[in-house]
Amino acid sequence: MASQAAKLSGLARKLVNDKLIDKDGAEDAALQAADNDLPLVSYLVQSDLISASAIANSAAQEFGTPLIDLEAVDPEAIPSQIISERLIRTHHAIPLYHRGNRLFVAVSDPTNRQALADIQFQTGISTEEVLVEEDKLSAFINRVLESEEDTSFADFGDEDIDLDLESINVDGAEEEDTEALVADDTPVVRFINKMLLDAIRMGSSDLHFEPFEKSYRVRFRTDGVLHEVASPPNNLAPRIAARIKVMSQMDISERRIPQDGRIKLKVSKSKAIDFRVNTLPVLFGEKIVLRILDPGQAKVGVDALGYEDDQKALYLEALNKPQGMFVVTGPTGSGKTVSLYTGLQILNTPELNISTAEDPVEINLDGINQCPVNAKVGLDFSKALRSFLRQDPDIIMVGEIRDLETAEISIKAAQTGHMVMSTLHTNSAPETITRLRNMGVPAFNLATSLNLIIAQRLARRLCSCKEKLNIPASALLEKGFSQEDVDQGLEIYGPKGCDKCTAGYKGRVGIFEVVKITPPISKIIMEDGNSLEIAKECKEQGFNTIFESALIKVKAGLTSLDEVDRVTSGH
């Protein structure tokens with residue numbers, strides 16, 4: 001029984017010390033409560049072992065938590081709708097009132113810190129506990145949840161929503177305040193605000209609002225993988241689309257063509273998050289995707305990106321060259337923008353004139369002249385580049401090379417004393433050269449202007465709960481590991497899963513192929529060699545492919561083989 005006694009909570013020990021229950025009874029109650037998946041206080045009261053008032057008075061004395069009488073609280077005045085019924089019932093706790101930037105939550109067990117943490121996570125509001133009697137809390141929760149008008153989206157109809165779009169005063173150029181968002185009582189508005197805040201707290205990169213014939217789906221992309229988070233009724237699709245379009249300063253009456261917009265959300269006094277918004281007409285409404293643009297991503301530093309030491313040296317060497325072209329390639333969402341912005345942050349000094357042409361400008365950087373291209377008025381990448389060259393530039397960043405005209409101007413700038421940085425959508429560094437040749441760029445221009453090509457992916461990072469896998473040596477050799485790796489006792493880890501991660505992963509790590517354009521590679525380009533010939537020379541020069549770089553991350557225990565296969569196609 002001694003080992004069981006050690007498991008008693010602080011409240012249980014207090015009850016024993018106050019002689020409200022003996023030690024053996026407290027230990028048995030703790031075991032029975034755990035077996036029945038009940039809080040200890042609930043079990044004690046339901047079993048008539050101790051009265052609710054005696055527990056409340058003892059707990060208030062021990063922990064200094066204010067004790068209030070729930071009978072004096074008006075159930076209709078409490079802000080219970082800002083958290084889910086599931087959370088209220090799971091933690092046996094309910095918010096009583098919202099004062100300033102604090103939410104006061106009623107609990108019968110002051111040691112239930114997880115309830116406060118989960119409620120704060122869902123609402124984004126600092127929580128503070130108040131103590132109430134267990135029997136009154138149970139009755140109060142049932143009365144509130146059963147008698148209040150159900151505001152879950154599953155039961156909403158059009159008549160329940162009074163969303164006067166004319167009365168919403170949202171300026172996309174100004175910052176939305178988190179507290180104001182939570183306080184708004186319109187159901188659709190509350191729902192959208194909650195989705196934005198939840199996505200930020202979960203570290204998601206994108207939000208997808210998708211209407212279908214008989215359903216509506218909201219998904220978040222977290223650590224590169226989409227997962228469904230909500231399913232409001234599809235009759236709310238027009239209201240949800242209208243609200244998001246108003247927030248991002250779009251034309252709410254135009255539903256036939258795609259639109260782009262932006263939302264700035266203030267999450268603290270010193271930090272704001274931008275959302276890049278795009279709408280697309282689909283069969284049953286408008287699909288809306290919001291990309292979260294966190295300015296802090298550009299300030300993480302080159303060491304946090306995930307380059308190996310030799311790759312980092314090549315990256316910094318290319319940045320320090322006074323002229324030439326620096327290209328980052330990879331699919332959408334592979335971290336190309338962060339790689340470029342990290343480089344711009346390193347180069348951003350008062351001695352250099354840096355200009356960027358972007359579609360759109362994703363992250364605002366002080367000291368850098370950022371030009372958003374606007375196809376509607378004829379300002380495309382090529383026109384922006386021509387203008388840059390008349391403004392005495394040192395460094396030019398082109399958001400993406402999409403056509404021959406942009407490519408030619410970029411290369412000419414790189415050949416005439418400017419550093420040019422840009423992105424492309426290809427799968428590897430050798431394929432980047434082939435893509436530019438197919439656009440019509442002469443081989444001589446490529447060979448004399450390119451300095452560095454970086455191909456990259458983002459793989460999910462294993463959480464600290466990772467577990468060691470027992471993989472046969474033959475399978476490891478087949479996968480690409482060397483005999484030396486296997487002989488040295490290579491340890492491979494896989495995802496396990498805990499309450500701090502998502503399916504065993506938490507965050508992402510960059511995987512890179514960094515290729516310096518050396519004289520032998522330039523010669524192959526000049527001879528119009530294909531991507532296979534260039535890849536062979538890259539291997540001889542010692543440049544790792546993306547897959548080889550990924551295996552290094554696996555050996556370091558940073559990611560799993562399954563994740564490597566997912567992001568690199570296993571080759």
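Each residue takes its place number in the sequence, starting with 1. In this text, all values refer to a predicted model and were calculated from it rather than measured experimentally.
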Can you check side-chain contact (heavy atoms from CB on, under 4.5 Å) on Phe209 and Ile244, steps first, answer last? CA-CA 10 Å; Phe209 293 81; Ile244 295 175; 3.9 Å; yes

Please assess Lys245 against Arg255 for the test side-chain contact (heavy atoms from CB on, under 4.5 Å), listing each intermediate value before the final yes or no. CA-CA 10 Å; Lys245 289 163 77 173; Arg255 303 180 182 91; 4.1 Å; yes

Working note: Asn451 + Ile517, criterion side-chain contact (heavy atoms from CB on, under 4.5 Å); need CA distance, chi angles, decisive distance, verdict. CA-CA 5 Å; Asn451 286 340; Ile517 306 303; 6.0 Å; no

Which is it for Lys479 and Asp565 under the salt bridge (charged side-chain N to carboxylate O under 4.0 Å, His left out) test, yes or no, and what are the steps along the way? CA-CA 10 Å; Lys479 199 65 185 174; Asp565 288 340; 2.7 Å; yes

Check the pair Ile454, Thr329 against side-chain contact (heavy atoms from CB on, under 4.5 Å), reporting the backbone distance first and the verdict last. CA-CA 6 Å; Ile454 298 175; Thr329 184; over 6 Å; no

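Aromatic pair Phe512/Tyr315: centroids not less than 6.0 angstrom apart.
With respect to the salt-bridge test (charged N to carboxylate O, under 4.0 angstrom), the residues Arg566 and Glu563 qualify. A salt bridge does not link Arg460 to Asp562: none of the charged side-chain nitrogens sits closer than 4.0 Å to a carboxylate oxygen. With respect to Lys523 and Glu537, no salt bridge is recorded, no charged nitrogen being found less than 4.0 Å from a carboxylate O. Look at Asp223 and Lys506 and you find no salt bridge, because none of the NZ, NE, NH1 or NH2 atoms lies under 4.0 Å from a carboxylate O. Under the 4.0 Å criterion applied to side-chain N and carboxylate O atoms, Glu548 and Lys539 are assigned as salt-bridge partners. Arg219 and Glu228 are not joined by a salt bridge, as no carboxylate oxygen comes within less than 4.0 angstrom of a charged side-chain nitrogen.
Nearest heavy-atom pair, Ser522 versus Ala447, reported as atom, atom and distance to 0.1 Å: OG-O, 3.6 Å. Closest approach of Leu458 to Gly510, counting heavy atoms only: CD2-CA, 3.9 Å. In terms of heavy atoms, His208 sits closest to Leu226 at CD2-CD2, 3.6 Å. Nearest heavy-atom pair across Val420 and Ser410 is CG2-O, 3.6 Å. A pairwise comparison of heavy atoms in Gly417 and Gln323 identifies CA-OE1, 3.4 Å as the closest pair. Ala407 and Met439 get closest at one heavy-atom pair: CB-SD, 4.3 Å.
Judged purely by distance below 3.5 Å, without hydrogens or angles, the side chains of Glu491 and Tyr493 pair a donor atom with an acceptor atom. Remark: the Ser560 side chain and the Tyr505 side chain contain an N/O donor-acceptor pair separated by less than 3.5 Å. The closest side-chain donor-acceptor pair between Asp366 and Asn348, if any, does not fall under 3.5 angstrom. Side-chain N/O atoms of Ser204 and Thr222 include a donor and acceptor closer than 3.5 Å. If you check the side chains of Ser422 and Glu400, you find no donor sitting under 3.5 Å from an acceptor. Remark: the Ser549 side chain and the Gln311 side chain contain an N/O donor-acceptor pair separated by less than 3.5 Å. Judged by distance alone, the side chains of Thr518 and Gln541 do bring a donor and an acceptor atom under 3.5 Å apart. Between the side chains of Thr356 and Glu358, at least one donor-acceptor pair of N or O atoms lies under 3.5 Å. Using modelled atom types and a 3.5 Å distance limit, the side chains of Asp260 and Asn278 yield a donor-acceptor pair. Using a 3.5 Å distance cut-off with no hydrogens or angles, the side chains of Thr432 and Thr426 do pair a donor with an acceptor.
In this structure the side chain of Pro281 never reaches within 4.5 angstrom of the side chain of Arg256, judged on heavy atoms. Contact annotation: the side chain of Val277 never approaches that of Val289 to less than 4.5 Å [non-hydrogen atoms, C-beta and beyond]. Residues Phe326 and Leu340 meet the side-chain proximity criterion, which asks for heavy atoms closer than 4.5 Å. No side-chain heavy atom of Ile511 sits under 4.5 Å from any side-chain heavy atom of Gln456. Taking 4.5 Å as the limit, every side-chain heavy atom of Val327 sits out of range of all side-chain heavy atoms of Leu452. At a threshold of 4.5 Å between non-hydrogen side-chain atoms, the residues Met325 and Ile401 count as touching. Met421 has its side chain out of reach of Val398: every pair of non-hydrogen atoms, C-beta onward, lies at least 4.5 Å apart. Under the 4.5 Å side-chain criterion, counting only non-hydrogen atoms from C-beta, Arg508 is not in contact with Thr559.
If you take OG on Ser248 and CD1 on Ile263, they are separated by 4.5 Å, rounding to the nearest 0.5 Å.
Atom NZ of Lys287 has more than 12 heavy atoms from other residues, nucleotides or ligands within 6.0 Å.
Taking the ring axis of Tyr307 as reference, the NZ or CZ atom of Lys312 does not stay both within 45° of it and closer than 6.0 Å to the ring centre.
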